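This report refers to the structure that appears directly beneath it.
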Amino acid sequence: MKQILVLAVFIFSSFSIQAQYGGVDRSIGGPGQFQTGKKKDKKSDFDFVQASTDKMTKELSLDDFQKAAVKNIIDDYKNQVMSITVEEIPDTGKSEKMNTAKDKMEAKIRQLLNKEQLLKFENLKNKAEKKDKGKKKDSPEADEKKD
């Protein structure tokens, strides 16, 4: 009788231990540690080049040739900015390089536009600059510079 009781306790305890630890990889970084589902990041859903091209096409009434050329110019600019951001230089140097790249991009776009489109382009640019200046005034960094 004692043997059956000991055997039953042994079997019960082994099932209990296996239920707690069996089949589960508890190592750090093991499967199940992080969600591996194909969730897309909200930022990766946004296509800067396409959005910029669409806005300019709508605002400036670009034809198909101009639209394709502007899209290529903006894509080149985006690639330049991405390469500048990974460079091991001070932020001021990065900022200067990005401004130079932006100026070159705008110059290329201006060459494609007729007089009417050019005026609209300059208005869009001025609105964007005013909007950016407004954001900078409200930023904590602007407050620190005032002190």
Side-chain angles (χ1 to χ4, degrees), residues 8-147:
V9 169
F10 177 73
I11 291 173
F12 177 73
S13 63
S14 67
F15 284 132
S16 172
I17 291 171
Q18 187 172 10
Q20 289 180 7
Y21 300 110
V24 178
D25 183 7
R26 296 196 182 267
S27 63
I28 295 175
Q33 183 74 18
F34 302 102
Q35 290 182 353
T36 57
K38 293 187 177 182
K39 273 189 172 179
K40 287 188 176 181
D41 192 16
K42 288 182 181 179
K43 291 182 180 179
S44 67
D45 287 344
F46 182 74
D47 185 3
F48 168 78
V49 175
Q50 188 63 47
S52 299
T53 304
D54 290 345
K55 181 175 181 175
M56 290 183 71
T57 300
K58 179 183 173 187
E59 297 287 332
L60 304 178
S61 304
L62 300 178
D63 61 30
D64 290 338
F65 172 76
Q66 289 173 319
K67 181 179 179 180
V70 165
K71 185 173 183 176
N72 287 333
I73 292 168
I74 294 173
D75 191 42
D76 289 342
Y77 169 71
K78 181 191 85 167
N79 292 335
Q80 287 177 348
V81 168
M82 296 299 287
S83 66
I84 292 169
T85 57
V86 297
E87 289 182 13
E88 300 276 337
I89 59 174
D91 288 343
T92 55
K94 288 180 183 181
S95 180
E96 289 172 7
K97 282 188 169 189
M98 286 185 196
N99 286 336
T100 301
K102 180 181 174 190
D103 292 342
K104 287 180 182 178
M105 173 195 66
E106 289 174 353
K108 289 178 184 178
I109 291 173
R110 280 189 191 97
Q111 292 175 351
L112 297 170
L113 304 176
N114 62 34
K115 290 179 184 180
E116 183 182 322
Q117 291 171 326
L118 193 56
L119 288 172
K120 290 179 183 178
F121 179 74
E122 293 301 327
N123 286 336
L124 281 176
K125 185 180 165 199
N126 291 335
K127 284 181 186 177
E129 287 175 356
K130 286 179 184 177
K131 190 176 180 181
D132 286 345
K133 285 181 183 178
K135 286 181 183 178
K136 288 180 183 177
K137 286 181 183 176
D138 296 337
S139 72
E141 294 171 0
D143 293 337
E144 290 174 8
K145 289 180 182 177
K146 289 178 186 176
D147 295 335

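Remember, predicted model here, so these are calculated numbers, not experimental data. Values below: every heavy atom of this structure, side chains too, minus hydrogens, waters and symmetry copies.
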Rounding to 0.5 Å, atoms CD (Glu59) and NZ (Lys120) come to a distance of 8.5 Å
One should read off an interatomic distance between Lys55 NZ and Leu124 CG, to the nearest 0.5 angstrom, of 6.0 Å
Passes side-chain contact (heavy atoms from CB on, under 4.5 Å), Val49 versus Tyr77? Steps please. CA-CA 9 Å; Val49 175; Tyr77 169 71; over 6 Å; no
dist Lys104:NZ -> Asn99:CG (nearest 0.5 Å) comes out at 12.5 Å
Under a 3.5 Å distance rule, please check whether Asn126 uses its side chain to pair with a backbone N or O of Glu122 as donor and acceptor.
yes
* **Side chain proximity check, Lys78 to Val81, heavy atoms < 4.5 angstrom** => no
Nearest heavy-atom contact between Gln117 and Ser61 is NE2-O, 3.1 Å
In this structure, NZ of Lys67 is separated from OG1 of Thr57 (nearest 0.5 Å) by 5.0 Å
Next item on the list: Could you tell me whether Glu129 atom CD has more than 12 heavy atoms of other residues or ligands within 6.0 Å of it?
Entry: yes
Looking only at heavy atoms, the pair that brings Thr85 and Lys94 closest together is O-NZ, 3.0 Å
Exceeds 12 heavy-atom contacts within 6.0 angstrom, atom CG of Asp64: no
Note to self: Strictly distance-based, threshold 3.5 Å: is any side-chain N or O of Gln66 a donor or acceptor partner for the main-chain N or O of Asp63?
What the structure shows: yes
Just wondering, are more than 12 heavy atoms of other shown residues or ligands nearer than 6.0 Å to NZ in Lys125?
-> yes
One should read off an interatomic distance between Asn123 CG and Leu118 CG, to the nearest 0.5 angstrom, of 10.0 Å
* To do: Would you mind reporting whether Leu62 and Leu113 have side-chain heavy atoms less than 4.5 Å apart?
  => yes
So, does Ser95 use its side chain to make a donor-acceptor pair with the main chain of Asp91 at under 3.5 Å?
-> no
Here the pair of heavy atoms bringing Leu60 nearest to Phe121 is CD2-N, 3.4 Å
Closest heavy-atom pair, Lys97 versus Ile89, reported as atoms and distance to 0.1 Å, is CD-CD1, 4.1 Å
Judged by modelled atom types alone, do Asp54 and Gln50 share a side-chain donor-acceptor pair under 3.5 Å? yes
